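Only one structure is covered here, and it is reproduced in the block below.
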Amino acid sequence: MVTKLAALIVLAAFLGGPPACEGDIICFNGWLKLPIQDPRLCPQGSRSRMNGRTRALVPVPRPSGLGLGLGYYNNRSSKSYCPRAEGIVRDAVSKAVAAQPGIGAGLIRLFFHDCFVRGCDASVLLKTTNSNNSDTEMEGNPNKNSLRGLEVIDAAKAKIEAACPGRVSCADIVAFAARDASSILSNRRINIRMPGGRYDGRESFADETDQLPGPFSGATVLLNNFKAKGLTSDEMVTLSGAHTIGRARCAFFSSRFSEMDPTFAAKLRAQCNDDNTNVDQEHVTPEVLDMRYYQDVIDGKALFTSDAVLNSAETIKQVTENAKKAGAWERKFERAMENLGKIGVKTKADQGAEIRKVCWRVNN
């Protein structure tokens with residue numbers, strides 16, 4: 001499997017000496033930067049093999065969200081009627097973020113990582129699947145030991161099941177949690193109209209997480225990733241703005257110190273005791289979901305390669321507008337998150353989906 005091979009290569013590279021500054025191979029869609037010179041060790045290209053399935057990175061139609069609806073659980077005549085559902089999620093998120101603000105960033109990331117793989121079907125939460133696979137998305141390079149907010153989803157699900165058993169999907173709980181975290185962290189400046197009605201998927205595979213854009217992704221890879229989900233270049237720039245909150249491992253940007261603003265790079269060097277050290281992704285308002293990220297991109301203070309490449313001819317216009325025009329990014333972020341939540345949704349049980357009783361496992 002590519003994931004395990006890449007992990008072995010990384011281990012060998014670290015044991016063998018310091019990484020090369022040039023000629024590095026970017027693997028797993030921008031999640032691994034390997035100091036090797038033989039690209040055969042890291043399959044590249046526009047297609048990837050996954051458990052015998054082949055996926056082509058090609059543009060697809062815009063996400064329609066067919067079958068979703070605002071206030072989905074408030075319809076008294078529906079079998080899904082559960083008027084307390086969204087309030088229960090909001091309460092769980094509010095308490096979690098009040099206790100630990102970083103959980104909010106984790107919930108927004110969890111939503112993105114769910115929707116970009118198999119659509120918004122809570123496949124990211126599964127530990128075992130319908131085919132008895134345990135090498136799930138949780139074990140993929142982008143997710144392993146880094147997903148946050150799972151306990152918030154589980155707590156909300158438990159309360160909802162007690163109130164309305166078998167009616168509210170884990171996929172909708174993930175979407176509502178990301179909406180509520182965005183509102184809280186932006187001081188209510190961001191209010192996403194997030195519809196409900198998603199069903200939960202029954203399969204999940206670690207090697208499918210290579211669809212997620214990584215910190216070493218270049219501009220072309222980023223654009224292709226988003227086009228493959230039916231999203232636009234502007235939505236790619238807009239959703240990247242979520243990097244204004246949360247924390248990042250030094251391993252994902254320490255190779256870029258020479259490319260950053262010198263004073264800022266020196267500050268980061270002092271903070272990065274080793275590659276596993278975490279630092280704030282945005283240094284001025286690190287716990288506020290705002291447009292500060294875009295000024296960092298302009299000023300050479302972006303951490304990841306995938307952030308820095310937005311300061312390019314193709315995207316600098318959107319970056320500048322988001323940095324300078326008050327309220328512009330917030331409105332675009334609301335729409336982009338709504339569209340993200342429409343990717344590949346399952347809205348019927350006959351689509352190989354269900355309403356899970358417990359979010360981390362499929363129903364019997």
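Small disclaimer: the values here were computed from a predicted structure and weren't measured.
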Reported [atom1]-to-[atom2] distance for the pair [X] and [Y], which is rounded to 0.5 angstrom:
{"X": "Q318", "Y": "Y294", "atom1": "CD", "atom2": "OH", "value": "9.5 Å"}
{"X": "R269", "Y": "M260", "atom1": "CZ", "atom2": "CE", "value": "9.0 Å"}
{"X": "D91", "Y": "K159", "atom1": "CG", "atom2": "NZ", "value": "5.5 Å"}
{"X": "C115", "Y": "L110", "atom1": "SG", "atom2": "CG", "value": "9.5 Å"}
{"X": "E86", "Y": "I160", "atom1": "CD", "atom2": "CD1", "value": "9.0 Å"}
{"X": "H113", "Y": "L147", "atom1": "NE2", "atom2": "CG", "value": "7.5 Å"}

Intermediate values then yes/no, side chain to side chain contact (heavy atoms under 4.5 Å, CB included), T347 and L68: CA-CA 7 Å; T347 56; L68 302 183; 4.0 Å; yes
Taking atom types as modelled, is there a side-chain donor on [X] or [Y] under 3.5 Å from an acceptor on the other?
{"X": "T244", "Y": "D290", "value": "yes"}
{"X": "D274", "Y": "T277", "value": "yes"}
{"X": "N133", "Y": "S131", "value": "no"}
{"X": "S146", "Y": "R109", "value": "yes"}
{"X": "N130", "Y": "R202", "value": "yes"}
{"X": "Y73", "Y": "D172", "value": "yes"}

How close do [X] and [Y] get, heavy atom to heavy atom, and via which atoms?
{"X": "G104", "Y": "A181", "result": "O-CB, 3.6 Å"}
{"X": "N191", "Y": "S183", "result": "OD1-OG, 3.7 Å"}
{"X": "T128", "Y": "T136", "result": "N-CG2, 4.1 Å"}
{"X": "S123", "Y": "S204", "result": "O-OG, 2.9 Å"}
{"X": "S240", "Y": "L310", "result": "CB-CD1, 3.9 Å"}
{"X": "A178", "Y": "M337", "result": "CB-CE, 4.1 Å"}

Within residues 294-308 or reaching into it, pairs that qualify as salt bridge (charged side-chain N to carboxylate O under 4.0 Å, His left out) - sequence neighbours excluded: R292-D296
Chi angles and distances behind the side chain to side chain contact (heavy atoms under 4.5 Å, CB included) call for W329, I190: CA-CA 10 Å; W329 174 72; I190 292 175; 3.8 Å; yes
Would you find a donor on one side and an acceptor on the other, under 3.5 Å apart, between the side chain of [X] and the backbone of [Y]?
{"X": "N363", "Y": "I355", "value": "yes"}
{"X": "E282", "Y": "I245", "value": "no"}
{"X": "K157", "Y": "V168", "value": "yes"}
{"X": "R356", "Y": "G201", "value": "yes"}
{"X": "E161", "Y": "G166", "value": "yes"}

Derivation and outcome, ring pair (Phe, Tyr, Trp, His ring centres under 6.0 Å), residues F116 and F226: CA-CA 9 Å; F116 246 65; F226 279 76; 5.0 Å; yes
Lys/Arg N to Asp/Glu carboxylate O, E203 vs R118, below 4.0 Å: no
Verdict with reasoning, E321 to K317, per salt bridge (charged side-chain N to carboxylate O under 4.0 Å, His left out): CA-CA 6 Å; E321 180 181 273; K317 181 179 178 181; over 6 Å; no
Side chains of F176 and M194 in contact at under 4.5 Å (non-hydrogen atoms): yes
Side chain proximity check, V284 to Q295, heavy atoms < 4.5 angstrom: no
Salt bridge (charged side-chain N to carboxylate O under 4.0 Å, His left out) assessment of R331 paired with E334: CA-CA 5 Å; R331 302 291 80 76; E334 291 169 349; 2.9 Å; yes
R167 CZ: over 12 foreign heavy atoms closer than 6.0 Å: yes
Chi angles and distances behind the side chain to side chain contact (heavy atoms under 4.5 Å, CB included) call for L303, F252: CA-CA 8 Å; L303 297 189; F252 288 142; over 6 Å; no
For L70, the rest of its hydrophobic cluster, which grows through side-chain links under 4.5 angstrom: none
V117 and F205: CA distance, side-chain angles, deciding distance, side chain to side chain contact (heavy atoms under 4.5 Å, CB included) verdict: CA-CA 9 Å; V117 183; F205 300 97; over 6 Å; no
Test side-chain contact (heavy atoms from CB on, under 4.5 Å) applied to C359 and D200, V124, V174, I153, the passing residue: I153
